[in-house]
Amino acid sequence: MTVRVRFAPSPTGYLHVGNARAALYNFLYARGRDGVFILRGDDTDRARSNDEFRRDILDGLGWLGLDWDEGIEHGGPHEPYYQSRRFDRYREVAAALAAAGSAYHCFATEEQLEAFRAEARAAGRTPAYDGRFRVSDDEARRRLDAGEAAPIRFAVPRPAATTFRDLVREEVTFDHDQVDDFVILRSDGSPTYHLASAVDDVDFEISHVVRGEDLLSSTPKHILIAAAMGAGAPTYAHLPLLMGPDGRKLSKRHGDTSLRAYRLGGYLPEAVVNYLALLGWSPGDDVTIVSMDEMISGFDLADVNKNPAVFDVEKLEWMNGVYIRSLDDDEFVRRARPVVEAHVGRPLTGEEAARLDMMAPHLKERTRLLAEVPGQVGFLLGDVDHDERSWNSVMTKPEAGVAVAAANRVLEGLESWDVDAIEAALRSMLEAEGLSARKGLQPVRVAVTGSSVSPPLFESLEALGREVSLARLAVALDRLDD
RNA sequence: GCCCCCAUCGUCCAGCGGUCUAGGACUCCGCCCUUUCAAGGCGGCAACAGGGAUUCGAAUUCCCUUGGGGGCACCA
């Protein structure tokens, strides 16, 4: 049997990192087994779904590199892949189930249902509606013909139970007195999630349903529907949920939960994929950095952890730094330059771009997020602003003036402006003035970069060029005189 | 309240009856390197939730307790 998995997000919000991980696991499972990865739009909730969210999901998956074989925007044998366009099919199934006796029109009032649930709860039972207010088929027919609107509920067999084998949770059983006669078609003729999802899984020939644990207790409903349709249910795998640092379900109050926040925040998709993959799964050894290919060949749903994982941004950031450092210089620039340009609000000049190129190896070494780059390269663009804290802590020292003046003198006389020459000149300056590297070079750093914290000084001077460098030393000297 | 699931360092994982005085990674703390900041190297702090049972032997199996998570809609 060929593996056919689906990622079926509801476009009722930005793509959540937890859903992104579910998408990744689906993808890995399919790719490692010669399977088909399908993207479906579970947008039965038309009021809350919108195109901005649909776009965000597509953008997010594309960014992560999780390309799908079939579904939204790619087409396939089961088009359309948006549930909002398959309502007729769901109505057809609902009608067929009703005709076959697997479902029925429900005329219970809201009050009756509420009273029943309150009573059940008070009696220590799960408040699952058991169909006790179901009317005879004749009466139902009559009331329907009279124009009364009624939802269709699934007639859950009872007493009975549903047992299924979950790839990550092993065998799970739900007694049917925990499962209510759930609505499959609302009185307005729209399908509920359970109906649409189960029908699509059958129609699209889904072999494995890989989704969040929040759907675990709804699984009997889906299995029941599939069976009533005369089909076999897919194999299920319920993934543990993602938690915030406080152990509560990951939500906005923990910071960014949308993938887009990371996409826009200077993270590399490779790092995010790697990090997400390891939240609930590991290749087995003590490895942390894993390539997509390694994940694909090593991933198995049976190896997924059962317990919820805390999303730790600190580790993601560290990992992002690892991936940034592993980029080659050109690639680093290719990704960082747009971030810098967006920050300054204009394209870089040729000269500035050249400086960025030259500094790339030193920049990527100290970058965890691309968003940090603009701050690191500010001194390479336009004029320097002296950071006041840096100035006060470094330039007020007695040796500062001496060092800057001496550096200015020695650099002025340099024949060729390259790192080696610059370093040699400054080192001899230090010796001549009897200054330690720390004491003698920090003032120069502040003068040239505006800050006591910057990329390596010699390289920075080289990238900046002779004229700009000397001009900055002169400016600092002036300010020192005041 | 009822049902389901889960339980190893603060966090993410390894461990799947003996090789565990429990390993790796993040974080944190030292030291080294060093022109700042990083990166890197070395070292350190830190866990099998508790109690029974099975077994010659349990982090690994079973039961109970406790704790955490999820679900219980004409939401998805």
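Since we're looking at a predicted model, the values are computed, not measured.
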Please tabulate, one pair per line, all N/O donor-acceptor pairs under 3.5 Å involving side-chain atoms of residues 148-162 of chain A, not counting sequence neighbours.
{"unit_1": "A:E148", "atom_1": "OE1", "unit_2": "A:R143", "atom_2": "NE", "d": "3.0"}
{"unit_1": "A:E148", "atom_1": "OE2", "unit_2": "A:R143", "atom_2": "NE", "d": "3.4"}
{"unit_1": "A:E148", "atom_1": "OE2", "unit_2": "A:R143", "atom_2": "NH2", "d": "2.8"}
{"unit_1": "A:R153", "atom_1": "NH1", "unit_2": "A:D181", "atom_2": "O", "d": "2.6"}
{"unit_1": "A:R158", "atom_1": "NE", "unit_2": "A:V156", "atom_2": "O", "d": "3.4"}
{"unit_1": "A:R158", "atom_1": "NH1", "unit_2": "A:H176", "atom_2": "O", "d": "2.8"}
{"unit_1": "A:R158", "atom_1": "NH1", "unit_2": "A:V179", "atom_2": "O", "d": "3.2"}
{"unit_1": "A:R158", "atom_1": "NH2", "unit_2": "A:V179", "atom_2": "O", "d": "3.2"}
{"unit_1": "A:R158", "atom_1": "NH2", "unit_2": "A:D181", "atom_2": "OD1", "d": "2.6"}
{"unit_1": "A:T162", "atom_1": "OG1", "unit_2": "A:H176", "atom_2": "NE2", "d": "2.6"}

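A:N305 comes within 4.0 angstrom of sugar-phosphate atoms only, judged by non-hydrogen atoms across all strands, and of no base. Base contact: A:R121 has a heavy atom under 4.0 Å from a base atom. Counting any heavy atom pair closer than 4.0 Å across all strands shown, A:L316 reaches no nucleic acid atom.
Look at the P atom in both B:C12 and B:A7: the space between them is 12 Å, to the nearest Å. Nucleotides B:C9 and B:C48 are separated by 10 Å at their C1' atoms, to the nearest Å. Atom name C1', nucleotides B:G15 and B:C74: the rounded distance is 48 Å, in whole Å. Between B:U54 and B:A46, the two C1' atoms lie 32 Å apart (nearest whole Å). Nucleotides B:U55 and B:U11 place their P atoms 35 Å apart, quoted to the nearest Å. Using atom C1' as the reference point in both B:C3 and B:G18, the two lie 39 Å apart (nearest Å). A distance of about 10 Å separates the P atoms of B:U60 and B:G50, rounded to the whole Å. Taking atom C1' on both nucleotides, B:A76 is separated from B:A25 by 36 Å, rounded to a whole Å.
Residue A:E170 is the one, among A:L113 and A:E170, whose nearest nucleotide of RNA chain B lies closer to the 5' end (criterion: closest heavy atom). Nearest-nucleotide mapping onto RNA chain B: of A:V168 and A:R117, the residue sitting toward the 5' end is A:V168.
A donor N or O paired with an acceptor N or O is found under 3.5 Å between the base of B:C12 and the side-chain atoms of A:K315. Judged by atom type and distance alone, A:T192 does not reach the base of B:C74 through any side-chain donor-acceptor pair under 3.5 Å. At a cut-off of 3.5 angstrom, the base of B:G23 holds at least one donor-acceptor pair with the side chain of A:D286. Within 3.5 Å, a donor on the side chain of A:T126 pairs with an acceptor on the base of B:C2, or the reverse.
Salt bridge A:D177/A:R125: absent, no basic N to carboxylate O contact under 4.0 Å. A salt bridge links A:R132 to A:D130: one of the charged nitrogens lies within less than 4.0 Å of a carboxylate oxygen.
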I'd like a table of atom pairs between the protein and nucleotides 63-68 of chain B - only N or O on both sides, under 3.5 Å - with the distance next to each one.
none

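Remark: the A:D200 side chain and the A:Y90 side chain contain an N/O donor-acceptor pair separated by less than 3.5 Å. Between the side chains of A:S454 and A:R445, at least one donor-acceptor pair of N or O atoms lies under 3.5 Å. Residues A:D42 and A:Y193 bring no donor and acceptor atom of their side chains to less than 3.5 Å of each other. A donor-acceptor contact closer than 3.5 angstrom is absent between the side chains of A:S428 and A:E431.
Nucleotide B:G1 has B:C72 as its partner under the Watson-Crick or G-U criteria, with both atom distances under 3.5 Å. Across all strands shown, B:C9 remains unpaired; no Watson-Crick or G-U wobble contact has both distances below 3.5 Å. Pair assignment for B:C16: none, as no Watson-Crick or G-U wobble contacts are both less than 3.5 Å. With both pairing distances under 3.5 Å, B:A59 is matched to nothing as a Watson-Crick or G-U wobble pair. Searching all strands for a Watson-Crick or G-U wobble partner of B:C42 with both distances below 3.5 Å returns B:G30.
Of all nucleotides listed (B:A76, B:C13, B:A73), B:C13 comes nearest to the side chain of A:S282. Nearest nucleotide to the A:P127 side chain, out of B:C72, B:A76, B:C13: B:C72. When the nucleotides B:A76, B:C6, B:C4 are ranked by their closest atom to the side chain of A:S10, B:A76 comes out on top. In this structure, the nucleotide among B:C13, B:U11, B:C4 sitting nearest to the side chain of A:D312 is B:U11. Comparing B:A7, B:G70, B:C5 by their closest approach to the side chain of A:L216 singles out B:C5.
Between the CD atom of A:Q178 and the P atom of B:C2 there is a distance of 11 Å, rounded to whole Å. What separates CG of A:D130 from C1' of B:C3 is a distance of 16 Å, to the nearest Å.
A donor-acceptor pair under 3.5 Å is formed between the side chain of A:S451 and the backbone N or O of A:V453.
Contact annotation: the side chain of A:I422 approaches that of A:W417 to within less than 4.5 Å [non-hydrogen atoms, C-beta and beyond].
None of A:R325, A:Q376, A:E372 except one satisfies the side chain to side chain donor-acceptor pair (under 3.5 Å) rule with A:T367; the exception is A:Q376.
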Residues A:R86, A:Q83; criterion side chain to side chain donor-acceptor pair (under 3.5 Å); working and verdict: CA-CA 5 Å; A:R86 287 172 47 80; A:Q83 297 189 328; over 6 Å; no
Nucleotides 31-51 of chain B: protein proximity per nucleotide (B base, S sugar-phosphate only, - neither; heavy atom, under 4.0 Å): ----BBBBSS-----------
